[in-house]
There are 2 protein chains.
Amino acid sequence: MATIKDISLRCGVSVSTVSKALNGYQDISEATREMIIKTAHEAGYFPDANVRALKMKKTYNIGVLFSTLTKHGLRNEYFAHILASFKEKAAKRGYDITFIEHNIGNRKMTYLDHCRLRNFDGVFIACAEFTEPEVLELVNSDYPVVTIDHAFNEAISVLSDNVEGMRQLTQYIIDQGHRKIAYIHGTKSSVTHNRLVSFHNVLKENGITVPEEYFVEGIYRSAESSEELALRLLNLPDPPTCIIASDDYAALGVMNTARRMGLKIPEDISVAGYDGISVAQALEPKLTTIKQDTDKIGSEAAKQLINLIENPMSTSLDTIYLKVQLVKGASVRNLNKAD
Amino acid sequence: MATIKDISLRCGVSVSTVSKALNGYQDISEATREMIIKTAHEAGYFPDANVRALKMKKTYNIGVLFSTLTKHGLRNEYFAHILASFKEKAAKRGYDITFIEHNIGNRKMTYLDHCRLRNFDGVFIACAEFTEPEVLELVNSDYPVVTIDHAFNEAISVLSDNVEGMRQLTQYIIDQGHRKIAYIHGTKSSVTHNRLVSFHNVLKENGITVPEEYFVEGIYRSAESSEELALRLLNLPDPPTCIIASDDYAALGVMNTARRMGLKIPEDISVAGYDGISVAQALEPKLTTIKQDTDKIGSEAAKQLINLIENPMSTSLDTIYLKVQLVKGASVRNLNKAD
DNA sequence: CTGAAAGCGCTTACAG
DNA sequence: CTGAAAGCGCTTACAG
């Protein structure tokens, strides 16, 4: 690799002059600047950002925490899409992104250690176990932090409006004439909690009570888990007319069970999901679901984090709720129409 | 952030001693070492890898090219899974990964420029337009390079055995008694070419000829595109009994069209895909497809790249073919049985 | 066993 | 307009 010194020797000027010419300082003659830029280009020279960071105290590199838990991480469409849009926005603003790892090679280290190792300007916690001590350590550190799907006091949080999403979905299903609505919700988390509360509230507002057995806990993203739970629900003496699954993958499981039992969707049983993954819209019938705006979540997270990095004093640690969109699809039957 | 100097002051020793103690040199007394390690730990000190790289000529950072073309990049399950497994393997071997971008902020740069900027130890081209000059520039550079799904002379390539995969799939379909087999293949690329050739060969070996109209070019990963093409195929005077789609998403499109036409799968029309994405296995009927081993592709790519980085002289620039697996599913009807 | 010194590639206040 | 010098945080050959 060519260095600044190589260029200075080739041009017969000092390294200071090369540095200044390349960085657009004004006190360099036009002729010198041109020669230096030309030479640098020919030599394929590009200043080393890591070294530069040593003086500048800024790496222009963001650490992204993306732990690969079961059914999570990059293998999950929801998170992968968020990362894609985060990455694009960050690049536009001049930042690279590097994954934060737990242990790297033989060296044991915490997430925070890894951030110190790489000297990130900020941290994006995209996907993690929020109760883990290491995650908390990171959130409570000096690093600017933005999280997804979970609100902390010490960080900016970007998340879908789950209360509103669940409200829209539930109200839509009720409006279609359903009264016996079951909910296979995900494992406990603040997201799950908010959706459950919202579901409850909408039922209450509409004067609907559903039996306890209609609430069952499944596993996010697991079609197998929801297949089994759906079987139980559909075999109840008084089965629901509609099943809301924790997410679209889980909804697929519900559909499979229904079909295996000889039930048609939505004629015999209605199904709804959550997330709005692309493949659910390629299905027949199209899945009724709530689409989370992954593009917006990712780009908003990047925007907020970079603002926090560049203007810490004028960026408040808010929780930002993003709009969701009801996708009506065709998997929920309209019971009001006689057909 | 604490620096090595802070630790040396706190401990009353020189920075040299701190450095050596922390790096496990043997010529440091046990007592000194312990005190230094303890102090460093208390101060939350972690050496800056970027600075260290300045002396060591090694960043332990791998650049990953993942350009977001249509239906590609992180939003594509196939590539996202490969990246996930690459990332895990790299971390195990002690390497971080950072995305290579085209332009970063306002600065225009080539992929190669970006690599120089970050001083990567090596480059993983996971997903890119292989004919782009910038990609070629990178492949022909001094950097150790590993690619996926495309073979270069100047780099290591890791890819599924497409000839073998297409052979297994086609032969299976023929064994089920099909003779009228259509193929909606993807746009031209070496991968597409190899699959097409293999399809042809297997037909020939089995003494089967299919009409020209059975070969149509679609768009990888596009359900919309294949929906339209399937409609055309199924409306032919002599329609196929089985349609092979370029990939699983495309197969979904074929299924949708068939159902819309009132055809049952596989009773009235058989469908097969390629890739083995997770959601295709949650469908009913389960899709007949070729599963590409994304975990293996990612980890093998990481392994090869790191070997090339660490032992350039004993790692040859081979093309590595990985086994694929026929997933029989239930979307291809057995025409031999009268049922 | 410990430390002073040189150096990695860059930036920038300062002197000329 | 140009350059010598100091310094960013670290490593390591060398001297003691």
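Chain letters run A, B, ... following the sequence lines, proteins first and then strands; every chain starts at 1. Since this is a predicted model, take the numbers as computed values, not measurements.
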Q) Under 3.5 Å, is there a donor-acceptor pair linking the side chains of B:Asp121 and B:Thr59? A)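 Yes, a side-chain donor-acceptor pair sits under 3.5 Å.
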
Q. Side chains of A:Glu137 and A:Tyr111: donor-acceptor distance under 3.5 Å anywhere?
A. no

Q) ring pair (Phe, Tyr, Trp, His ring centres under 6.0 Å): which pairs involve residues 14-63 of chain B, sequence neighbours left out? A)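 Listed by first then second residue: B:Tyr60-B:Tyr95.
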
Q. Base, sugar-phosphate, or nothing for A:Ser19, non-hydrogen atoms under 4.0 angstrom?
A. base

(Q) Using a heavy-atom cut-off of 4.0 Å across all strands, would you classify B:Lys20 as base, sugar-phosphate, or nothing? (A)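 Since a base atom lies under 4.0 Å of B:Lys20, the category is base.
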
Q) Under 4.0 Å between a Lys/Arg side-chain N and an Asp/Glu carboxylate O for A:Arg118 and B:Asp96? A)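 So A:Arg118 pairs with B:Asp96 through a salt bridge.
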
Q. Below 6.0 angstrom between ring centroids: does that apply to A:Phe86 and A:Phe124?
A. yes

Q. Which nucleotide of DNA chain D is the first, and which the last, in the 5' to 3' direction, to come under 4.0 Å of a heavy atom belonging to chain A?
A. D:dC1 to D:dG9

Q. Looking at residues at least two apart in the chain, or sitting in another chain, which of them share a salt bridge (charged side-chain N to carboxylate O under 4.0 Å, His left out) with B:Asp295?
A.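 For B:Asp295 the salt bridge (charged side-chain N to carboxylate O under 4.0 Å, His left out) partners, ignoring immediate neighbours, are A:Arg75.
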
Q) For B:Lys5, which residues count as a salt bridge (charged side-chain N to carboxylate O under 4.0 Å, His left out) partner, sequence neighbours excluded? A)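 Result, salt bridge (charged side-chain N to carboxylate O under 4.0 Å, His left out) vs B:Lys5: none returned.
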
Q) Just how far is it from atom CG of A:Leu305 to atom CD1 of A:Ile62, taken to the nearest 0.5 Å? A)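 One finds 4.5 Å between CG of A:Leu305 and CD1 of A:Ile62.
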
Q: Mind listing the residues from residues 45-53 of chain A sitting with a heavy atom below 4.0 Å of DNA chain C? Number order is fine.
A: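 Heavy-atom cutoff 4.0 Å gives A:Tyr45, A:Pro47, A:Asp48, A:Val51, A:Arg52.
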
(Q) So that I can compare with my own list, what are the stems of DNA chain C, taken as at least three consecutive Watson-Crick or G-U pairs with distances under 3.5 Å? (A) C:1-3 with D:14-16, C:5-12 with D:5-12, C:14-16 with D:1-3

Q: Tell me which of B:Arg33 and A:Thr3 sits closer to the 5' end of DNA chain C, going by the nucleotide each one is nearest to.
A: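 Nearer the 5' end of the strand: B:Arg33.
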
Q | Residue met sooner reading DNA chain C from 5', once B:Lys55 and B:Ser16 are mapped to nucleotides | A | B:Ser16

Q: Test B:His150 against B:Phe152 for ring pair (Phe, Tyr, Trp, His ring centres under 6.0 Å), laying out the working first.
A: CA-CA 7 Å; B:His150 190 92; B:Phe152 285 106; 4.8 Å; yes

Q: Determine whether B:Leu159 and B:Leu322 make a side-chain contact, defined as any pair of heavy atoms from C-beta on separated by less than 4.5 Å.
A: no

